[in-house]
A.B. asks: 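This is the structure I want to talk about, given as structure tokens.
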Amino acid sequence: MIYHHTKNKGDLGVLKVKLDLYLQGFLILAPETEHAPFDVVIYKDGVFKSVQVKFRNLNRNGVLQIPFRSCYSTSKGVMTKLVNKAVIDIYAVYCPQTDSCYYFDPKHFNRCISLRVKTSLNNQQQGVWIADDFKKVP
């Protein structure tokens, strides 16, 4: 894969998620600011949902690790901010290694979620979130 600057990765993630949401039958609405707590709003069957989009690479164990925080740089250094789950209905994660998008409600999880793309070495199934189970908007 071609190296992507962090902003480019985010833009690619948003584009891939928008296409996938469109193919799932959603109308996609974009905020007029980059400072909204969500990246897009989707609409279908009379229901609006706010969506936060993330770009995540698989780790070496075949897992997508998604922490519910944002990190950004300022003149004072790197800042970390926890996601306000009250204003996010859906988390959408684009993974370039699978070229797939995964969706879930962050309110159902604590500080992070790990989605397994590859089978674990010990074939553990209990307590494991399988990424393919998250390909449709809940």
Side-chain angles (χ1 to χ4, degrees):
M1 184 173 122
I2 299 171
Y3 172 79
H4 291 285
H5 180 272
T6 302
K7 175 78 169 103
N8 293 347
K9 287 180 182 180
D11 291 344
L12 177 60
V14 170
L15 285 171
K16 290 287 192 167
V17 165
K18 283 181 176 180
L19 175 60
D20 192 60
L21 290 168
Y22 174 80
L23 294 173
Q24 290 188 44
F26 288 94
L27 177 65
I28 298 134
L29 309 166
E32 291 293 321
T33 179
E34 289 188 10
H35 301 289
F38 46 82
D39 293 305
V40 296
V41 173
I42 56 176
Y43 177 80
K44 186 177 185 181
D45 300 329
V47 178
F48 290 94
K49 293 184 180 185
S50 60
V51 180
Q52 175 66 50
V53 178
K54 296 293 180 185
F55 177 106
R56 288 287 183 270
N57 286 301
L58 286 177
N59 70 14
R60 61 186 174 90
N61 297 321
V63 175
L64 282 172
Q65 294 178 319
I66 304 115
F68 300 126
R69 67 176 187 260
S70 294
C71 298
Y72 54 94
S73 296
T74 69
S75 60
K76 296 178 183 178
V78 176
M79 309 299 281
T80 301
K81 181 179 171 184
L82 295 178
V83 170
N84 181 356
K85 295 179 189 179
V87 297
I88 304 296
D89 297 312
I90 302 292
Y91 240 63
V93 179
Y94 171 69
C95 174
Q97 289 81 17
T98 62
D99 194 30
S100 293
C101 301
Y102 306 96
Y103 305 92
F104 54 89
D105 182 344
K107 294 173 205 75
H108 295 131
F109 305 95
N110 290 324
R111 293 178 162 234
C112 67
I113 180 176
S114 296
L115 302 179
R116 182 160 285 285
V117 173
K118 297 179 183 175
T119 305
S120 63
L121 293 177
N122 65 0
N123 289 322
Q124 179 180 345
Q125 297 293 319
Q126 190 173 7
V128 174
W129 298 106
I130 305 300
D132 281 346
D133 294 340
F134 293 85
K135 287 190 172 183
K136 297 290 180 195
V137 174

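Note that these values count all heavy atoms, side chains included, but never hydrogens, waters or copies made by symmetry.
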A.B. asks: Pair Trp129, Phe104 - check ring-ring contact (aromatic ring centres under 6.0 Å, His included), show working.
C.D. replies: CA-CA 11 Å; Trp129 298 106; Phe104 54 89; 9.3 Å; no
A.B. asks: Are the side chains of Pro37 and Val87 in touch, meaning some heavy atoms are under 4.5 Å apart?
C.D. replies: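 A side-chain contact exists here, since the closest heavy-atom pair is under 4.5 Å.
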A.B. asks: Which heavy atom of Tyr103 sits nearest a heavy atom of Pro138, and at what distance?
C.D. replies: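 Looking at all heavy atoms of both residues, the closest pair is CB-CD, 3.9 Å.
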A.B. asks: Any donor-acceptor pair under 3.5 Å linking the side chain of Asn61 with the backbone of Val63?
C.D. replies: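 No.
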A.B. asks: Is Leu15 linked to Ile28 within one hydrophobic cluster, defined over Ile, Leu, Val, Met, Phe, Trp and Tyr using a side-chain heavy-atom separation of less than 4.5 Å?
C.D. replies: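 In one cluster with Leu15: Ile28, no.
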A.B. asks: With sequence neighbours left out, write down each residue that passes side chain to side chain donor-acceptor pair (under 3.5 Å) with Lys16, or none if nothing qualifies.
C.D. replies: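 Checked Lys16 against side chain to side chain donor-acceptor pair (under 3.5 Å); matches are Asp99.
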A.B. asks: Indicate the ring-plane relationship of Phe68 and Tyr91, choosing parallel, tilted or perpendicular according to the 30° and 60° boundaries.
C.D. replies: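 Aromatic pair Phe68/Tyr91 classed perpendicular.
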A.B. asks: Do the ring planes of Tyr43 and Phe48 sit parallel (below 30°), tilted (30 to 60°) or perpendicular (above 60°)?
C.D. replies: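 If you compare the ring of Tyr43 with that of Phe48, the planes turn out tilted.
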A.B. asks: Closest approach of Val78 and Cys71, non-hydrogen atoms and distance?
C.D. replies: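 That would be CG1-CB, 4.4 Å.
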A.B. asks: Taking side-chain contact (heavy atoms from CB on, under 4.5 Å) as the test, write out the residues that go with Val117, two or more places apart.
C.D. replies: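 side-chain contact (heavy atoms from CB on, under 4.5 Å) list for Val117, sorted by chain: Leu58, Leu64, Thr98, Tyr102, Ala131.
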A.B. asks: So does Cys101 get a backbone contact from the side chain of Asp20, meaning a donor-acceptor N/O pair under 3.5 Å?
C.D. replies: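 No: the side chain of Asp20 does not pair with the backbone of Cys101.
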A.B. asks: Does any non-hydrogen side-chain atom of Leu12 lie less than 4.5 Å from one of Tyr94?
C.D. replies: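 Yes, their side chains come closer than 4.5 Å.
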A.B. asks: Between Phe38 and Val51, what is the shortest heavy-atom contact and its length?
C.D. replies: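 The answer is CB-O, 3.5 Å.
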A.B. asks: Under 3.5 Å, is there a donor-acceptor pair between the side chain of Ser50 and the main chain of Asp89?
C.D. replies: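 Side chain of Ser50 to backbone of Asp89, a donor-acceptor pair under 3.5 Å: yes, one is there.
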A.B. asks: Tell me, do Phe26 and Lys49 make a side-chain contact under 4.5 Å, heavy atoms counted?
C.D. replies: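 The answer is no, as the side chains (C-beta and beyond) never meet within the 4.5 Å cut-off.
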A.B. asks: For residues Leu23 and Ile42: do they belong to one hydrophobic cluster (side chain heavy atoms under 4.5 Å, members Ile, Leu, Val, Met, Phe, Trp, Tyr)?
C.D. replies: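 Yes.
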A.B. asks: Which atoms form the tightest heavy-atom contact between Gln24 and Lys135, and what is the distance?
C.D. replies: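 Looking at all heavy atoms of both residues, the closest pair is NE2-O, 3.2 Å.
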A.B. asks: Mind checking whether Ile88 and Lys107 have side chains closer than 4.5 Å, heavy atoms only?
C.D. replies: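 Not touching, per the 4.5 Å side-chain cut-off.
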A.B. asks: Please identify each residue that fulfils salt bridge (Lys or Arg N to Asp or Glu O under 4.0 Å) with Lys85, with sequence neighbours left out.
C.D. replies: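 Lys85 satisfies salt bridge (Lys or Arg N to Asp or Glu O under 4.0 Å) with no other residue.
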A.B. asks: Would you find a donor on one side and an acceptor on the other, under 3.5 Å apart, between the side chain of Gln65 and the backbone of Arg56?
C.D. replies: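 Such a contact is absent between Gln65 side chain and Arg56 backbone.
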A.B. asks: Might you point out which heavy atoms bring Cys112 and Pro67 nearest each other, and give the distance in Å?
C.D. replies: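 Looking at all heavy atoms of both residues, the shortest contact is CB-CA, 3.6 Å.
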A.B. asks: Taking Lys9 for the side chain and Lys54 for the main chain, is one N or O donor matched with an acceptor at less than 3.5 Å?
C.D. replies: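 Here the side-chain-to-backbone pair does not exist.
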A.B. asks: So, taking the atom named CD1 in Ile130 and the one named CZ in Arg116, what distance separates them when rounded to the nearest 0.5 Å?
C.D. replies: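 Rounded to the nearest 0.5 Å, the CD1-CZ separation comes out at 7.5 Å.
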